[in-house]
Peer 1: 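Dropping a structure here in structure tokens format, bear with me for questions.
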Amino acid sequence: MVSRALGLGDFATAVPALRALERALPSWHRILAGPSWYRHLVELAGLRWQVLPTAPLCVPDGASAPDLAVNLHGRGPRSTAALASLGPERLWTHGHPSAPEWPGPEWPQEVHDAEIWCRLLRLHGVAADPDDLRWPRPPECADRSGPEDAVVTGDTAVVHPGAASESRRWPAERFARVAGHLAASGLRVVVTGSEREAALAERVAEAAGLGPGAVLAGRTSLGLLARLVSGAHLVVCGDTGVGHLATAYGTPSVRLFGPVSPKLWGPLVDRDLHACLWRGRLGDPHSATLDPGLEAIGAEEVLAACDTVAASAAGRTDGGRVREP
């Protein structure tokens, strides 16, 4: 059993470790304790895990003691205690000063999230490559519940203005300027987001002068969002899960980082396809106010990055994307 009950980006950075465990334990029954919607992500990533719905820092209801429990959720001790409560024969986790009864390596500093979990597995003899981040192209029939006419391959730009906290949301009017520029260049621009971000997406689309149907916030399933990102010409977003989908599908992207360094959460592969803009200052990623470093990134800088990424993608022999892991 692996514990990883977090968000989309967190799932994506754990994929290399999950694949490594699949290869190391091919005949085992593998359980991923996480949110129920991880079932869709497991399929999209080409993984073979049973997902048991689990709230953060908890264990699945009725779960029995596993032979091996692996904490890919965090540094502990609460996440470790949740797994330990199942009575596993073995428990792989990072050590925590307040919980010496569960020994493990010290939590690393300034290390990319994918490398953190791969390093933990390597310490237990499991070969794991943090660069193993790419996903197979999503099937056309992955989901038919969304607005299928929105899926346009090749000439679409995905603009995603939302983020989990206000500190990581670049101003809407600047996203609108970028969206308008991309539309003027001939791309079809769609604005994505969650249902609660629909008003933000509407504001961006209206200010950018986008046409009807451009706002897809709250209207895309995970399958449709994956297909949009996979087929897009460009993705522009903050430090959020959609950026990790761009990494997974080899889709060119421009990402705006504020309180957290791209060294920890940016792309590890195809770096010529991804521009990560960051002012070099750290802050609170959960703050209710816009991070000063993110605010310091201007629209002109983002427009220039879009042009640079597009030129880099056009110059690649693979067409600017990698489709298969």
Peer 1: Under the side chain to side chain donor-acceptor pair (under 3.5 Å) criterion, do Thr240 and Arg169 qualify, and how do the steps go?
Peer 2: CA-CA 10 Å; Thr240 190; Arg169 293 185 200 131; over 6 Å; no

Peer 1: What residues form a ring-ring contact (aromatic ring centres under 6.0 Å, His included) with His286, not counting sequence neighbours?
Peer 2: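 His286 satisfies ring-ring contact (aromatic ring centres under 6.0 Å, His included) with no other residue.
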
Peer 1: Using distance only, find each side-chain donor-acceptor pair of residues 299-311 under 3.5 Å and give its atom names and separation, not counting sequence neighbours.
Peer 2:
residue : atom : partner : partner atom : Å
Glu300  : OE2  : Arg177  : NH1          : 3.4
Glu300  : OE2  : Arg177  : NH2          : 2.0
Glu301  : OE1  : Arg279  : NH1          : 3.2
Glu301  : OE1  : Arg279  : NH2          : 3.0
Glu301  : OE2  : Arg279  : NH1          : 3.3
Thr308  : OG1  : Ala304  : O            : 3.0

Peer 1: Look at atom CD of Glu195 and say whether more than 12 heavy atoms of other residues, nucleotides or ligands are closer to it than 6.0 Å.
Peer 2: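 Counting neighbours around CD of Glu195, 12 or fewer heavy atoms of other residues, nucleotides or ligands fall under 6.0 Å, so no.
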
Peer 1: With Tyr38 as reference, evaluate Leu52, Val51, Leu222 under the side chain to side chain contact (heavy atoms under 4.5 Å, CB included) test and give the passing residue.
Peer 2: Val51

Peer 1: Does this structure show an ion pair linking Glu115 with Lys263, if we count only N-O contacts that are shorter than 4.0 Å?
Peer 2: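 Here Glu115 does not pair with Lys263 in a salt bridge, since their nearest N and O are not under 4.0 Å apart.
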
Peer 1: So that I know where these two stand, are Trp49 and His29 an aromatic pair - ring centroids less than 6.0 Å apart?
Peer 2: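 No: the rings miss the under 6.0 Å criterion.
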
Peer 1: Does a sphere of radius 6.0 Å around CD in Gln50 hold more than 12 heavy atoms from other residues, nucleotides or ligands, not counting ones at 6.0 Å or beyond?
Peer 2: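 Counting other residues, nucleotides and ligands, CD of Gln50 exceeds 12 neighbours.
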
Peer 1: Does a side-chain N-to-carboxylate-O contact under 4.0 Å join Asp132 and Arg23?
Peer 2: yes

Peer 1: Looking at Arg19 and Glu22, is there a salt bridge between them, counting it only when a charged N and a carboxylate O are closer than 4.0 Å?
Peer 2: no

Peer 1: Who are the ring-ring contact (aromatic ring centres under 6.0 Å, His included) partners of His160, not counting sequence neighbours?
Peer 2: none

Peer 1: May I ask you to say whether Arg281 pairs ionically with Asp291, meaning some side-chain N is under 4.0 Å from a carboxylate O?
Peer 2: no

